[in-house]
Amino acid sequence: MKQDFKKISSQVVDWYLKNGRHNLPWRKKVTPYRIWISEIMLQQTQVKTVIPYFNAFIKKYPTLQKLSLATEDEILASWSGLGFYRRAKNIFAAKEIIKKNHSNKFPSQFDSIIELPGIGRSTAGALMSLAFLVPQPILDGNVKRVISRLIRKNIAALKEKDLWELSTKLVNSEDCFSYTQGIMDLGATVCTKANPTCNACPLNESCLSAFKVPQQVNVKKAKNKKIILMSFALVQTKKSLLLTKNDTESIWSSLWIPFENSKMQSHANKLELTRNEKFRHELTHRSLDLDVNIYFSSKEFKLDTNQKYEWIKKDRIEDYGMPKPITKLIQQL
DNA sequence: CAGCCGTGGGC
DNA sequence: TGCCCAAGGCT
C-alpha cells in the first residue's frame, strides 16, 4: 500500500479552512491557557458537553493569573457534574507548578508541558501544535479512527506504537494548527464512528477503507459491572446541609458528599427521617446503588470524626464540588 | 499495564 | 435495554 501522507495532511488542512468548526469557544481567542483548559476538559468528554463548562470556567478564570489564586475546592466546584474529577485536581496541581517553576506563565517547551499533571503525550502535542505552532502529533479517538480507516485496519489490530508512528507521519509542518484542529474535526463530523459521510470526506480518494469495510469490531469484553452499594445520610437544617469531603481515592475523590448512614447512628436522637430515596446511578464501569436517608435536624451539631465536614449554607452549595447524583438530590430537597 | 476514573449521547 | 465511547492520563 502506498499512501502519500504529505498530500493527505495538506488535504486535511484545506478541508479544515473551509469546513472546520471555527466557532468553538476555545478557537475564538487562542492562548496557551485557554487551549490547556479546553484540552483537559475535552479528554474523554464530548464537545457539546464541554462548551458550557468551558465558558463558565473562562468567565470565572479568564487568565492563568486569575486561576493561580484559586483553591482546589474552587476548581472542583467549577467541575461539578463534568466528571473525571481528577482532571480538576490536576489543573490545580499544574497551575501551582506553573506558578513556582514558570513564573506563572504557561511553559512553551514540550518537555516542560508534559511534566505537568494531567497532560500526557497527546495533550502535550495538541498544546504544542495549537498554542505554540510547533508541529507535534496527537493521538485521540478521532485520529485513531481516521488513521485506522485510512489504512483499512481495525483499531483493535493496531498497536499504540503503530498509531503514534502514523500520526507522526501525518502531521503538517506548514500549518500544524489547521491540521491538528482539522484531523479532529474530520473525525468528529465526517469520519464518525457510525455512519461516516465518506462522500464529503477530503480523504475519500486515498482512504483504503472508504467505508467499504465494516466498523472496527469491539474487542473489549463486556464485563459484568460491579454494583457498589452506597448508604448516605443527607442531613439538613432549615438553612444548611451537612456534607463531608470524600477522602477516598476512588470514585468522587475530594468531592463533597453526605456522610454514610452508619456514621450518623450516634446522632439518631437529633434526626428526624424525612424520607428515603433509593436509586441507581450508572457509571461506565460500575453501577452505584444509592440508598439515601434524608434527615432534618433542628440545628447544626458537631461530629466526632477525622473526616473534614461542613454545614454548608444552602445558598452556597455552588461553591462546592459535588457529583451529579448528589447535586440532583439536593435540588429536590 | 489493565483497570480505573463520570457523565451524557447514540444506536 | 444495554453497551459503546467521547479532544486520555495515571498507576
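Computed from heavy atoms alone, side chains included, the values below leave out hydrogens, waters and symmetry copies.
- With B/dC4, C/dG8, B/dT7 as the candidates, the nucleotide lying closest to the side chain of A/Asp140 is C/dG8.
- Checked for salt-bridge contact, A/Lys153 and A/Asp162 miss the test: no charged N lies under 4.0 Å from a carboxylate O.
- Taking a cutoff of 4.0 Å between a charged side-chain nitrogen and a carboxylate oxygen, A/Glu165 and A/Lys161 qualify as a salt bridge.
- Under 4.0 Å is where a charged nitrogen must lie from a carboxylate oxygen, and between A/Lys239 and A/Glu300 no such pair does.
- Taking only side-chain atoms of A/Arg286, from C-beta outward, the nucleotide of C/dC5, B/dC5, C/dG9 with the closest atom is B/dC5.
- As rounded to whole Å, 8 Å separates atom C1' of B/dT7 from atom NZ of A/Lys324.
- Using a 4.0 Å heavy-atom cutoff across all strands shown, A/Ile251 reaches sugar-phosphate atoms only and no base atom.
- Using atom C1' as the reference point in both C/dC10 and B/dG8, the two lie 23 Å apart (nearest Å).
- Judged purely by atom type and a 3.5 angstrom limit, A/Lys225 uses its side chain to pair as donor or acceptor with the backbone of A/Leu283.
- As a whole-Å value, the separation of A/Lys193 NZ from B/dG9 P is 13 Å.
- Taking side-chain N and O atoms only, A/Trp164 has no distance below 4.0 Å to OP1 or OP2 of C/dG8.
- Distance alone, capped at 3.5 Å, is enough to place a donor-acceptor pair between the A/Asp185 side chain and the A/Arg21 backbone.
- Between the CE atom of A/Met184 and the C1' atom of C/dA7 there is a distance of 5 Å, rounded to whole Å.
- Contact between the side-chain N/O atoms of A/Thr123 and the OP1/OP2 oxygens of C/dG9 is found at a separation under 4.0 Å.
- Taking CG from A/Leu290 and CZ from A/Phe279, the interatomic distance works out to 4.0 Å, rounded to the nearest 0.5 Å.
- Criterion: ILVMFWY side-chain heavy atoms under 4.5 Å apart, direct or through other members. Under it, A/Trp252 and A/Phe84 are not part of a common hydrophobic cluster.
- Rounded to an integer number of Å, the gap from OH of A/Tyr53 to P of C/dA7 is 18 Å.
- For A/Leu290 and B/dG6, the CG to P distance is 14 Å, given to the nearest whole Å.
- Among the protein residues, A/Ile114 comes within range of no part of the nucleic acid, since none of its heavy atoms lies under 4.0 Å from any strand.
- Of the two residues near DNA chain B, A/Lys226 and A/Gln46, the one whose nearest nucleotide lies more 5' is A/Lys226.
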For this session: Dump the intermediate steps for salt bridge (Lys or Arg N to Asp or Glu O under 4.0 Å) on A/Lys89 and A/Glu96, then the final yes or no.
Result: CA-CA 11 Å; A/Lys89 300 176 71 171; A/Glu96 290 294 304; over 6 Å; no
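- Residue contacts shown for A/Val50 are absent, as no nucleic acid heavy atom lies under 4.0 Å away.
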Report the C-alpha distance between A/Arg316 and A/Asp319 in whole Å, list the side-chain angles of each, state the deciding distance to 0.1 Å, and finish with yes or no for salt bridge (Lys or Arg N to Asp or Glu O under 4.0 Å).
-> CA-CA 6 Å; A/Arg316 300 299 300 275; A/Asp319 296 342; 2.6 Å; yes
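- Of the C1' atoms belonging to B/dC4 and C/dC5, the separation is 15 Å, rounded to the nearest Å.
- For the pair A/Asn142 CG and C/dA6 P, the computed distance is 7 Å after rounding to whole Å.
- At C/dG2, none of the side-chain N or O atoms of A/Lys225 fall inside 4.0 Å of OP1 or OP2 (strictly under the cut-off).
- A donor-acceptor pair under 3.5 Å links the side-chain atoms of A/Ser10 to the main chain of A/Lys7, judged by distance alone.
- Under a 3.5 Å cut-off, the side chain of A/Ser287 and the backbone N or O of A/Ile227 do not form any donor-acceptor pair.
- Donor-acceptor pairing under 3.5 Å, judged by distance alone, is present between the side chain of A/Thr45 and the base of B/dG6.
- Comparing A/Ile119 and A/Val47 by the nucleotide of DNA chain C whose heavy atom lies nearest to each, the residue mapping closer to the 5' end is A/Val47.
- When distances run from any side-chain atom of A/Ser122 to the nucleotides C/dA7, C/dC4, C/dG8, the shortest one goes to C/dG8.
- Using a 4.0 Å heavy-atom cutoff across all strands shown, A/Ser250 reaches sugar-phosphate atoms only and no base atom.
- Checked against B/dC11, C/dG9, B/dG6, the side chain of A/Asn195 finds its nearest nucleotide in B/dC11.
- Comparing C/dA6 with B/dG6, their C1' atoms sit 12 Å apart, to the nearest whole Å.
- Contact annotation for A/Arg280: no contact, since no heavy-atom pair falls under 4.0 Å across all strands.
- C/dA7 atom P lies 15 Å from atom OH of A/Tyr16, rounded to whole Å.
- The stretch residues 170-179 of chain A does not touch DNA chain C, since none of its heavy atoms comes less than 4.0 Å from the strand.
- When the side-chain nitrogen and oxygen atoms of A/Gln44 are compared with OP1 and OP2 of C/dG8, one or more of them lie within a distance under 4.0 Å.
- The aromatic ring centres of A/Trp79 and A/Tyr53 sit 6.0 Å or more apart.
- The distance between atom NZ of A/Lys144 and atom C1' of C/dC4, rounded to the nearest whole Å, is 15 Å.
- Contacts between residues 76-102 of chain A and DNA chain C, defined by a heavy-atom separation under 4.0 Å, are made by A/Arg86.
- Between B/dC5 and C/dA7, the two P atoms lie 22 Å apart (nearest whole Å).
- No hydrogens or angles were tested; on distance alone, nothing pairs the side chain of A/Arg145 with the base of C/dA6 as donor and acceptor under 3.5 Å.
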